[in-house]
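Before any comments, here is the structure.
Numbers restart at 1 for each chain; the letters A, B, ... are given by sequence-line order, proteins then strands.
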Amino acid sequence: MSKFEQQRQEKLARAKELGVEPYGNRYEGTEPAEEIKGRFKEDDPTQQANCAGRIALLRDIGKLIFITLRDRSGTIQVGLSKKLLGEQWESAKLLDLGDIIGASGPLARTKTGEITIWADHLTLLSKCLLPPPEKFHGLADIDQRYRQRYVDLWANPQVLERFKTRSAIITTIRNFLESKDFLEVETPMMQTIAGGAAARPFVTHHNSLGMDLFLRISPELFLKRLLVGGMERVFEINRNFRNEGLSRQHNPEFTMLEVYQAYGDYDVMMDLTEELVSLCVQKHCAGTRLQFGEFTIDFTRPWRRARYADLLKEYGGCDIDDLKAVRTKARQLNLDEAEMDDAVVVNEVFEATVEDNLIAPTFVIDYPAALCPLARRKKDDPKFASRFELFVARMELANAYTELNDPAEQYENFLNQLRGQEESLTKMDSDYVTALKYGMPPAGGLGIGIDRLVMVLTGAETIRDVVLFPLLRPAKAQG
RNA sequence: GGGAGUGUAGCUCAGUUGGCAGAGCAACGGCCUUUUAAGCCGUAGGUCCUGGGUUCGAGUCCCAGCACUCUCACCA
């Protein structure tokens with residue numbers, strides 16, 4: 001036990017001797033700190049208030065103690081005096097930074113104008129036994145911030161603020177979709193075939209069934225089964241898991257919104273996406289121009305819609321049909337193009353030349369069909385699929401298409417996909433093909449990466465700042 | 001996995017050319033009834049990430065390892 005902890009244990013023992021119960025029970029009748037300040041009336045000397053929270057700052061000036069109490073809403077000052085507290089004064093002198101207390105009493109301004117609860121009753125609700133972070137700089141060590149998010153959240157108020165916004169954004173999304181008659185559902189996260197995306201899955205094992213299972217990389221194929229079943233408008237907001245490297249934009253588990261609308265197509269989903277994200281910007285951001293790192297992103301509608309092939313020409317300088325030119329460009333970019341399929345080379349060049357230029361919200365539309373095994377080809381130009389991705393600040397924020405509902409074509413696409421697979425992690429999802437044979441209504445489908453959306457809307461440049469407990473290596477064994 | 005950077009008191013950070021280990025905050029003791037990162041006086045607090053090496057002498061230089069950050073790769 002550290003010296004610091006010992007000192008606080010001793011204080012706790014002294015408080016117990018004074019009859020203080022250091023770990024309190026239910027504490028009722030409180031109001032959020034900011035609401036108390038909001039309802040304060042200047043000319044009413046009879047006001048009372050009761051607030052619970054953590055001691056963020058403490059100024060002991062002898063026979064008076066001023067405390068900055070922090071709760072979920074913000075802060076309020078609590079004033080302690082020997083005169084008002086009486087018998088409790090002695091135990092009040094034992095309070096430390098970080099303790100959780102409840103304080104009630106008259107509400108009044110101090111000489112310097114701070115609205116203050118002058119406590120005539122004080123309750124210790126939980127003793128803080130470990131040293132709190134530095135009160136001005138907060139907790140800065142990045143590793144410790146993520147490992148001990150419970151400290152980060154109260155030591156750095158803007159962290160709590162950001163996660164409150166994340167929660168509010170998700171509520172906005174739910175309300176928006178429910179208002180449009182979409183039904184929220186939950187589909188399996190443990191799957192026998194990890195389909196719906198091109199990514200390596202995590203493998204786990206079911207003991208009594210004696211079989212391996214995959215954590216899902218996407219809910220897509222299950223949600224579309226629901227379209228077959230007659231759930232014409234569904235959505236799911238939940239975790240996907242992909243076994244890949246970590247980066248500023250990638251956490252192995254991440255939250256995805258997927259939406260399916262029967263009788264729609266990708267144009268419908270494009271409008272839906274623009275409407276939904278704009279609503280989030282309007283409700284949760286200061287304006288339509290947001291700062292994100294070095295970029296200022298303008299969300300003013302309508303957003304740019306540009307064809308994949310046109311962007312390739314604009315930024316990559318080559319014609320999508322001129323494969324020689326594309327491969328030449330690939331070599332210029334130091335891409336190892338010799339072993340790649342045509343479609344893959346095209347996409348590598350696209351990623352290397354185009355994506356860094358997509359700062360303002362941009363719908364990239366009509367992807368090469370070979371890259372889209374679950375999307376419907378365009379009738380007038382079958383080399384391309386009715387698919388779009390939304391890019392903001394160089395990040396892929398959304399992915400959507402007109403769903404392929406032809407079982408024969410879907411079966412062919414699955415076969416082609418399997419052909420390229422060396423690791424046989426992906427299997428033919430023949431049940432999904434069976435489902436399509438029963439008939440799936442034509443539909444538009446959409447996926448939005450919630451973490452990335454929250455990043456953009458709250459100005460967080462790393463996904464770890466919008467995930468409460470991002471994946472880390474386990475800490476070394478230690479208290 | 002490759003490259004670059006960081007690691008010093010509970011926290012935030014200095015530390016010169018290789019020459020006694022430092023500050024602010026927090027803590028402990030004292031003074032203070034209107035403070036706002038309260039103030040003033042005093043005290044205590046260190047495996048300088050770990051292990052080797054060079055040197056009379058290493059927080060500082062060299063080698064190896066560990067952790068974290070950034071970046072590239074894997075990955076839509």
U35(B) base / T110(A) side chain donor-acceptor hit below 3.5 Å: yes
Residues R305(A), D271(A): salt bridge by 4.0 Å N-O rule: yes
Any strand: nucleotide that pairs with U43(B) via Watson-Crick or wobble, under 3.5 Å: A27(B)
Side chain to side chain contact (heavy atoms under 4.5 Å, CB included), paired with N399(A), selected from E258(A), R387(A), M269(A), M256(A): R387(A)
Who pairs with U36(B) - Watson-Crick or G-U, where each distance is under 3.5 Å: none
Identified side chain to side chain contact (heavy atoms under 4.5 Å, CB included) partner of R166(A) from the options L457(A), V466(A), L468(A): V466(A)
Identified pairing partner of C20(B), criterion: Watson-Crick or G-U wobble below 3.5 Å: none
N/O (side chain, K135(A)) to phosphate O (OP1/OP2, A38(B)) under 4.0 Å: yes
Check: U34(B) base within 3.5 Å donor-acceptor of S81(A) side chain: no
Strand partner of G1(B), provided both Watson-Crick or wobble distances fall under 3.5 Å: C72(B)
Any R59(A) side-chain nitrogen or oxygen under 4.0 Å from OP1 or OP2 of A38(B): yes
hbond_proxy E114(A) side chain to U34(B) base (donor-acceptor, 3.5 Å cutoff): no
Phosphate OP1/OP2 of U71(B): any R248(A) side-chain N/O under 4.0 Å: yes
Distance in angstrom units between D60(A) CG and C32(B) P, rounded: 11 Å
Phosphate OP1/OP2 of U34(B): any R109(A) side-chain N/O under 4.0 Å: no
Side-chain N or O of K111(A) closer than 4.0 Å to phosphate OP1/OP2 of U33(B): no
Counterpart base for C48(B), defined by Watson-Crick or G-U wobble contacts under 3.5 Å: none
Options A38(B), A27(B), C11(B), nucleotide nearest the side-chain atoms of I61(A): A38(B)
Aromatic ring pairing Y308(A)/F350(A), orientation class (parallel under 30°, perpendicular over 60°, tilted between): parallel
